[in-house]
There are 2 protein chains.
Amino acid sequence: MSMTTLWERSRQVAVQAILGTAVRLFAEQGYERTTVAQIAREAGISQRSLFRYFGTKEDLVCGDQEALGELLKRTVEQQPAEMSAWDALRAGFEVILTANHPPERALELSRLIFDTPSLHARYIEKRLRWQAELVPVIRARLSTGPGRPAPDTQARAIVATVFACIDTATELWAGHDGRIDLADLYDQCLATVRDQG
Amino acid sequence: MSMTTLWERSRQVAVQAILGTAVRLFAEQGYERTTVAQIAREAGISQRSLFRYFGTKEDLVCGDQEALGELLKRTVEQQPAEMSAWDALRAGFEVILTANHPPERALELSRLIFDTPSLHARYIEKRLRWQAELVPVIRARLSTGPGRPAPDTQARAIVATVFACIDTATELWAGHDGRIDLADLYDQCLATVRDQG
DNA sequence: GCCTACGTGGCATTAACTGCCAGGAAGGCA
DNA sequence: TGCCTTCCTGGCAGTTAATGCCACGTAGGC
């Protein structure tokens, strides 16, 4: 193994240790009342190094969203070409669900995000970046025709709506303490929106 | 006139002066590169007072969203009872459009918001609060029936989708420098989402 | 045993905020 | 007119997140 791999490994260990400390402290005393200095102290590293691992305090909670965004985009791209935009996005959502944290951890994180305005904002910001990256992917799956809006408009509207439903479903799911299946909630949201009447 | 009114009046003058200075500086040199100290200096007040008028730097850009949220809620409530949830929300959106800033100012603000990730996120977060307030209003307009999702789920999904379309339309509108009608864009977004196929 | 690359900690600094306190202007009242 | 209350304002110090800089240590290649 090259030294790069060794460094990578110890880096992963450090990341997980910091993450565990941070989430524990956030759960114990709340996000706002926990300082970065405290996390660094209890994790046994300097504050300066903590900011090298996680660029911001908010990344301690929603940092691994980046990887999920990449996964989502790749999954949607790889769906069969004849699949509709809606179904391709639905398949991507499904993959993210299974690739996510263990459910009880995900529940804790979701509650933290929805209850903390600054975290919620940061989470939305990351989500917006996924949306922008998905628009060109979705544009390729649109049924064109006269009298339809511009493809860019269609793609943006569809992606934005899907994320709105994901967000709504996640919030409901967290509010019900995870007792209702998240995928079911998503399907209910989308059915409500797409059904006429 | 009581003294409260006098104070209210001079307060409004101060607010408008600060706002003008801030927006000008943001447009000239960007949001991130403009410090609160500079805005206060050019507006002729202390930094401390600026933070009393606007709780945060972000409120300088999307602070008056609060008032619009109230207006939106009242408008939707006052629509005739037989009007569908979608149409009632559409009517509310229409009213906000006419009550908004002069179009050129609104365009400038929209560009600033959509070009600055942190602002965009904060803007959406404020909007999420409107959403929460609209959900009970919308729930009263749902066509109930067996095999349908819970009313709360339906209402949340509809409201979230409408806001997603408003957001998408506004972004497209700002991207086209306001040359395309915002209401038309909104209708196109919603038609794309609601049409089957 | 050097040399380079890279991770780390300490230090100083910036920028957004917040708490505290002193002072000043507006209006009520004797 | 003079006093008192009320509210707004500015200055000052302090906290917290975040960044740049530099010096130190360590792991691997020659």
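Every chain is numbered from 1, with letters handed out A, B, ... down the list of sequences.
- Atom pair B/Glu58:CD and C/dA16:C1' shows a separation of 10 Å (rounding to whole Å applied).
- Among the protein residues, B/Thr34 comes within range of the sugar-phosphate backbone only, with heavy atoms under 4.0 Å from sugar or phosphate atoms but none that close to a base.
- One atom, CZ of B/Phe54, and another, P of C/dT18, lie 15 Å apart when rounded to the nearest Å.
- In this structure, B/Arg48 atom CZ and D/dG11 atom P are separated by 12 Å, rounded to whole Å.
- Here the side chain of B/Ile45 is nearest to one of D/dG10, C/dG9, C/dA16, namely D/dG10.
- Comparing C/dC11, D/dA18, D/dT9 against the side chain of A/Thr56 picks out D/dA18 as the nearest.
- The neighbour count for A/Glu28 CD, taken as heavy atoms of other residues, nucleotides or ligands under 6.0 Å away, is above 12.
- Protein atom CD of B/Gln47 is 14 Å distant from nucleotide atom C1' of D/dT9, rounded to whole Å.
- Between A/Ser49 and C/dT8 there is no side-chain polar atom (N or O) within less than 4.0 angstrom of OP1 or OP2.
- Remark: the backbone N or O of A/Ile45 is not paired with any side-chain donor or acceptor of A/Ser49 at under 3.5 angstrom.
- A sub-4.0 Å separation between OP1 or OP2 of D/dT9 and a side-chain N or O of B/Tyr53 is present.
- A salt bridge links B/Arg127 with B/Asp167: the closest approach of a Lys/Arg side-chain nitrogen to an acidic carboxylate oxygen falls below 4.0 angstrom.
- As rounded to whole Å, 13 Å separates atom P of C/dC6 from atom CZ of A/Arg11.
- Taking atom CD of residue A/Gln38 and atom P of nucleotide D/dA17, one finds them 10 Å apart after rounding to whole Å.
- Separating the CZ atom of B/Arg41 from the P atom of D/dT9 is a distance of 20 Å, rounded to the nearest angstrom.
- Closest-nucleotide positions on DNA chain D for A/Thr35 and A/Arg52 were compared, and the one nearer the 5' end corresponds to A/Thr35.
- Of the possible donor and acceptor atoms, none in the side chain of B/Lys57 sits under 3.5 Å from a partner among the backbone N and O of B/Thr35.
- Residue A/Phe51 contributes atom CZ, which lies 15 Å from atom C1' of C/dG9 at whole-angstrom precision.
- The aromatic rings of B/Tyr186 and B/Phe93 are tilted relative to each other, their planes meeting at an angle between 30° and 60°.
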